[in-house]
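Scroll down for the structure; my scribbles are underneath it.
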Amino acid sequence: MDILVERPPWFVVGPLIGLCVIGLLALVNRRLGVLGGFSAVVERATGRTDELGWRGAFLLGVVGGGLIFALLSGSFGAGGGYGWLSRSVDGALVGPILVGAGVLIGFGAKTAGGCTSGNGLSGTALGSPASFVAFASFMATAVGVSLAIEGLL
Amino acid sequence: MRRAAALVGVAFGFLLSWGQATSPDRIREMLLLEDPYLYLMLGSGVLVASAGVRLLRRARAHALVTGEPVAWETLRPERRHVVGSVMFGAGWAVSDACPGPIAAQLGQGVAWSLFTLAGVVIGIGLYLRTQERAQPAAAPSPARG
């Protein structure tokens with residue numbers, strides 16, 4: 001579908017994403033966050049819990065949403081490289097660097113109680129002071145590290 | 001409850017993909033302050049959600065599936081919110097991905113996301129183990145976020 005090839009205006013996608021936060025609260029009274037879904041999978045796989053729960057179901061939904069989009073837009077599995085890493089780093093290093101970055105994401109976001117969606121989107125929308133602090137901290141760090149990487153390349 | 005959560009997840013994953021918030025190049029443009037799109041997308045999402053959830057609470061709405069009164073807790077900032085978010089932000093900048101986009105990339109068949117996924121799983125596992133070592137007597141906390 002051609003409409004999916006170009007990204008729509010931000011004022012279309014943004015409010016719809018806001019509706020997802022409202023929808024999850026209105027349906028099941030839970031705070032939207034993707035990190036919790038990954039955590040639910042890890043907790044289930046390591047026997048810490050015996051079910052995936054709503055967080056695991058939400059995560060599977062996000063994966064499914066990506067799949068549906070890719071099938072409708074005809075982009076499934078498209079694109080060989082991965083952003084600046086593939087352009088700037090030896091190919092054999094891209095995987096290990098992504099694993100390392102993933103560890104920081106998983107450990108850091110668990111420590112902070114949320115990621116871009118849990119703290120940045122829903123935590124701030126719900127007016128949680130901790131989420132505003134988390135949001136400011138990860139935005140400042142991510143922008144600073146990105147600019148530093150750009151400067152070094 | 002799980003079916004409802006999965007349904008919202010599908011919408012969320014689809015929208016992240018459509019807004020190209022799953023593209024490492026678009027995320028990099030965001031973090032290098034070259035393109036305001038993803039900030040505007042996130043900001044307008046926060047504003048709409050913020051208004052909507054307050055309307056629900058003011059109307060004393062009950063969640064349709066669980067029947068619970070719509071309510072939420074807010075947290076006071078602690079050191080962990082800063083320390084954890086600094087780590088998370090560094091990982092985000094290097095990989096140009098965070099948990100939502102990683103999940104949607106998996107669905108899109110982006111093979112590289114398997115590496116980021118592996119890291120996130122290891123990181124969460126390390127965190128859970130650290131917590132359990134710190135408080136061996138305590139029951140596993142109901143993780144949030």
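Lettering of chains follows the sequences in order, A, B, ..., and the numbering in each one begins at 1.
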(request) Flag the pair Leu35(A) / Phe88(B) as yes when at least one side-chain heavy-atom distance between them is below 4.5 Å, and no otherwise. (result) no
(request) State whether Asp35(B) and Arg7(A) are salt-bridged, where the test is any N-O pair (Lys NZ or Arg NE/NH1/NH2 against Asp/Glu carboxylate O) under 4.0 Å. (result) yes
(request) Grab the two heavy atoms, one from Thr111(A) and one from Gly84(B), that are nearest each other, plus how far apart they are. (result) CB-CA, 3.8 Å
(request) List the atom of Lys110(A), the atom of Leu128(B), and the distance in Å for their closest heavy-atom pair. (result) CE-CD2, 4.3 Å
(message) Between Ala21(B) and chain A, with a heavy-atom cut-off of 4.5 Å, which part of the residue counts as in contact: side chain, backbone, both or neither?
(response) neither
(message) I'd like to know if Glu73(B) and Arg31(A) make a salt bridge, using a cut-off of under 4.0 Å between side-chain N and carboxylate O.
(response) no
(request) Write down the atom of Arg129(B), the atom of Arg48(A), and the distance for their closest heavy-atom approach. (result) N-NH2, 3.9 Å
(request) Select one option (side chain, backbone, both, neither) describing which atoms of Leu40(B) are under 4.5 Å from chain A's heavy atoms. (result) both
(message) Report which part of Glu78(B) has an atom under 4.5 Å of a heavy atom belonging to chain A: side chain, backbone, both, or neither.
(response) neither
(message) Between Thr130(B) and chain A, with a heavy-atom cut-off of 4.5 Å, which part of the residue counts as in contact: side chain, backbone, both or neither?
(response) side chain
(request) Heavy atoms only, distances under 4.5 angstrom: which of Arg57(B), His62(B), Gln105(B), Met30(B) has the most pairs with chain A? Name it, please. (result) Gln105(B)
(message) Is Val86(B) close to chain A through its backbone or its side chain, or both, or neither, when contacts mean heavy atoms under 4.5 Å?
(response) both
(message) For chain A, which candidate among Cys98(B), Ala51(B), Ala104(B), Gly107(B) shows the most heavy-atom pairs at distances under 4.5 Å?
(response) Gly107(B)
(request) Heavy atoms only: give me the nearest Thr74(B)-Pro129(A) pair and the separation to one decimal. (result) CB-CD, 3.9 Å
(message) For Arg79(B), which atoms come within 4.5 Å of any heavy atom of chain A: side chain, backbone, both, or neither?
(response) neither
(message) Out of the candidates Leu16(A), Val13(A), Val12(A), only one should pair with Met41(B) under the side-chain contact (heavy atoms from CB on, under 4.5 Å) rule; please name it.
(response) Val13(A)
(message) Which residue in the set Val70(B), Leu55(B), Val48(B) passes side-chain contact (heavy atoms from CB on, under 4.5 Å) when paired with Ile22(A)?
(response) Val48(B)
(request) State whether the side chain of Arg3(B) and the backbone N or O of Ala57(A) hold a donor-acceptor pair below 3.5 Å, judged by distance alone. (result) no
(request) For the residue pair Leu85(A) and Trp112(B), establish whether any side-chain heavy-atom pair is separated by less than 4.5 Å. (result) no
(request) State, with a plain yes or no, whether a side-chain heavy atom of Trp54(A) is found less than 4.5 Å away from one of Val65(B). (result) no
(message) Taking ring pair (Phe, Tyr, Trp, His ring centres under 6.0 Å) as the definition, give me every residue that meets it alongside Phe38(A), ordered by chain and number, with sequence neighbours left out.
(response) none
Do any side-chain atoms of residues 138-153 of chain A form donor-acceptor pairs under 3.5 angstrom with protein atoms, and if so which ones, sequence neighbours left out?
| residue | atom | partner | partner atom | Å |
| --- | --- | --- | --- | --- |
| Thr141(A) | OG1 | Ser137(A) | O | 2.7 |
| Ser146(A) | OG | Ala142(A) | O | 2.8 |
| Glu150(A) | OE1 | Arg28(B) | NH2 | 3.3 |

(message) If hydrophobic clusters are built from ILVMFWY residues whose side chains come within less than 4.5 Å, do Leu93(A) and Leu104(A) share one?
(response) yes
(request) Let me know if Leu117(B) has heavy atoms under 4.5 Å from chain A in its side chain, its backbone, both or neither. (result) side chain
(request) For Tyr82(A) and Ser95(B), work out which heavy atoms get closest and say how close. (result) OH-O, 2.7 Å
(message) Need one label for Leu56(B): side chain, backbone, both or neither, based on atoms under 4.5 Å from any heavy atom in chain A.
(response) side chain
(request) Could you tell me which portion of Pro36(B) (side chain, backbone, both or neither) has an atom closer than 4.5 angstrom to a non-hydrogen atom of chain A? (result) neither
(message) If I measure from the heavy atoms of chain A, does Ala90(B) come under 4.5 Å with its side chain, its backbone, both, or neither?
(response) both
(request) Identify which of Ala118(B), Ser113(B), Ala71(B), Gly125(B) forms the greatest number of heavy-atom pairs closer than 4.5 Å to chain A. (result) Ala71(B)
(message) Using 30° and 60° as the class boundaries, would you call the ring planes of Phe12(B) and Phe58(A) parallel, tilted or perpendicular?
(response) tilted
(message) With chain A as the partner, which of Leu106(B), Leu7(B), Leu38(B), Leu126(B) has the greatest number of non-hydrogen pairs under 4.5 Å?
(response) Leu126(B)
(request) Please name the residue in the list Val46(B), Val53(B), Leu75(B) that meets the side-chain contact (heavy atoms from CB on, under 4.5 Å) test with Leu126(A). (result) Val53(B)
(request) Identify the two heavy atoms, one from Ala125(A) and one from Arg54(B), that lie closest to each other, and give their separation to 0.1 Å. (result) O-NH1, 2.7 Å
(message) Quick check on Trp18(B) against chain A: is it the side chain, the backbone, both or neither that has a heavy atom closer than 4.5 Å?
(response) both
(message) Please classify the contact between Ala11(B) and chain A as side chain, backbone, both or neither, with a heavy-atom cut-off of under 4.5 Å.
(response) both
